[in-house]
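Structure record follows, encoded as structure tokens.
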There are 2 protein chains.
Amino acid sequence: MTYMTETPEYVDEHARFAFDVFAKACTSRTTLEHLTGRWGILAMAALWHGPLRFNALRRRVEGVSEKMLAQTLQALERDGFVHREAQPSIPPRVDYSLTPMGRQTAGKLVDLIEFVESQMPEVTAAQARHDQAKVRV
Amino acid sequence: MTYMTETPEYVDEHARFAFDVFAKACTSRTTLEHLTGRWGILAMAALWHGPLRFNALRRRVEGVSEKMLAQTLQALERDGFVHREAQPSIPPRVDYSLTPMGRQTAGKLVDLIEFVESQMPEVTAAQARHDQAKVRV
DNA sequence: AGATTGCACATACTTTTTGAAAGTGCAAGC
DNA sequence: GCTTGCACTTTCAAAAAGTATGTGCAATCT
């Protein structure tokens with residue numbers, strides 16, 4: 001008997017095109033990680049409502065360290081989602097905003113976030129059921 | 001019955017019973033991370049097209065280790081996005097599929113992925129511009 | 001027939017990433 | 001005149017992720 005009855009594996013119709021996040025070394029995976037990573041998605045969503053200065057963004061995205069916020073914004077800027085505008089004043093003033101592409105992307109991210117938040121009661125219920133079933137040994 | 005694991009005093013009246021990913025201790029942030037984390041989003045997107053066995057999923061999501069895939073699927077299962085069905089055969093056969101809530105969520109994730117892939121030419125151009133401006137000797 | 005491969009994980013150990021803390025240089029407010 | 005805020009960078013400890021190996025059995029290869 002073969003190991004057979006193998007569930008037919010899906011073949012991505014877009015695989016023949018240049019970018020595929022399922023491919024290990026594809027640059028699109030890196031960009032996706034910048035956008036959906038722990039801090040990237042929150043920074044993008046925060047900027048969705050309008051430009052913010054570095055420390056304002058830091059206060060909005062609770063829990064992010066200065067180091068990680070700087071790193072995250074640098075990656076998003078390089079990818080063309082975020083625009084950085086620094087005024088050479090003292091103290092420094094740096095405004096972060098979304099580019100047109102960034103705004104489109106952030107819209108989808110905000111939509112995702114709001115959907116997830118709306119599903120949280122069901123998620124919480126599922127977690128409770130899961131933990132009940134496990135602990136009941 | 002509080003939805004948030006901790007309800008600090010600075011939570012305002014309107015947000016008290018809502019989930020907010022910007023809040024450090026909100027459970028919705030953890031769930032969002034399960035979904036949009038490095039492997040979570042790829043696993044969800046892979047399952048969007050139909051059920052897959054553990055090792056098939058592992059082959060589809062290039063680069064994921066067994067440890068991380070198992071960990072990721074366990075979190076997604078606990079959150080109620082993924083359904084795990086194990087057959088007590090030898091060798092073992094375990095099918096992973098999306099729950100109704102998981103399917104809705106995966107739809108949004110797939111949409112996001114496809115959008116990001118479609119924007120990659122612009123991203124690549126932005127990166128080139130950025131690097132040019134910086135490395136300009 | 002004995003060795004190898006595949007299955008779905010778990011566990012010990014190593015490497016990478018992240019986070020926390022302090023440094024920078026200056027100016028406005030207490 | 002001393003603290004605070006600005007937008008970061010750098011250093012070092014902690015956490016997360018990645019690597020390698022173990023498990024038990026059956027089907028396939030040599």
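First the proteins, then the strands, lettered A, B, ... as listed; each starts at 1.
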DNA chain D nearest-nucleotide lookup for B:Gly63 and A:Tyr96: closer to the 5′ end is A:Tyr96
Separation of D:dA17 atom C1' from B:Leu42 atom CG, nearest Å, is 15 Å
Sorted by chain and residue number, the side chain to side chain contact (heavy atoms under 4.5 Å, CB included) partners of A:Ala126 (sequence neighbours excluded) come out as A:Arg129
Quick note, B:Ile90 side chain, CB onward, closest among D:dT19, D:dC6, D:dA26 is D:dA26
Would you please confirm or rule out a distance under 4.0 Å between OP1 or OP2 of C:dC7 and any side-chain N or O of B:Asn55? yes
Quick note, side-chain hydrogen bond (donor to acceptor under 3.5 Å, both in side chains) partners involving residues 78-93 of chain A, not counting sequence neighbours, are A:His34-A:Asp79, A:Arg78-B:Asp131, A:Asp79-B:Gln127, A:Arg84-A:Tyr96, A:Arg93-A:Asp95
- Message: In the structure I gave you, are the side-chain heavy atoms of B:Trp39 and B:Leu69 within less than 4.5 Å of one another anywhere?
- Response: no
Applied to residues 99-119 of chain A, the salt bridge (Lys or Arg N to Asp or Glu O under 4.0 Å) test, sequence neighbours excluded, yields A:Lys108-B:Asp111, A:Asp111-B:Lys108
Check: Hey, are the side chains of B:Leu98 and B:Val82 touching, using non-hydrogen atoms and a 4.5 Å cut-off?
Finding: yes
Taken to the nearest whole Å, CG/B:Leu52 to P/C:dC7 is 13 Å
Sorted by chain and number, sequence neighbours left out, side chain to side chain contact (heavy atoms under 4.5 Å, CB included) with A:Glu122 holds for A:Gln119, B:Met101
Residues at least two apart in sequence or cross-chain that pass side chain to side chain contact (heavy atoms under 4.5 Å, CB included) with A:Ala128, listed by chain then number, are none
Per the under-4.0 Å heavy-atom filter, residues of residues 67-85 of chain B near DNA chain D come out as B:Lys67, B:Met68, B:Gln71
note: B:Arg93, atom CZ; D:dA27, atom C1'; distance rounded to Å ~ 16 Å
Here the residues of residues 30-39 of chain A within 4.0 Å heavy-atom distance, strictly under, of DNA chain C are A:Arg38, A:Trp39
So the side-chain hydrogen bond (donor to acceptor under 3.5 Å, both in side chains) pairs with at least one residue in residues 40-53 of chain A (sequence neighbours excluded) are none
Between A:Pro91 and B:Pro92, whichever has its closest DNA chain C nucleotide further toward 5' is B:Pro92
Taken in chain and number order and not counting sequence neighbours, the residues that satisfy salt bridge (Lys or Arg N to Asp or Glu O under 4.0 Å) with B:Glu33 are A:Arg38
Rounded to whole Å, CZ of B:Arg53 lies from P of C:dG6 at a distance of 13 Å
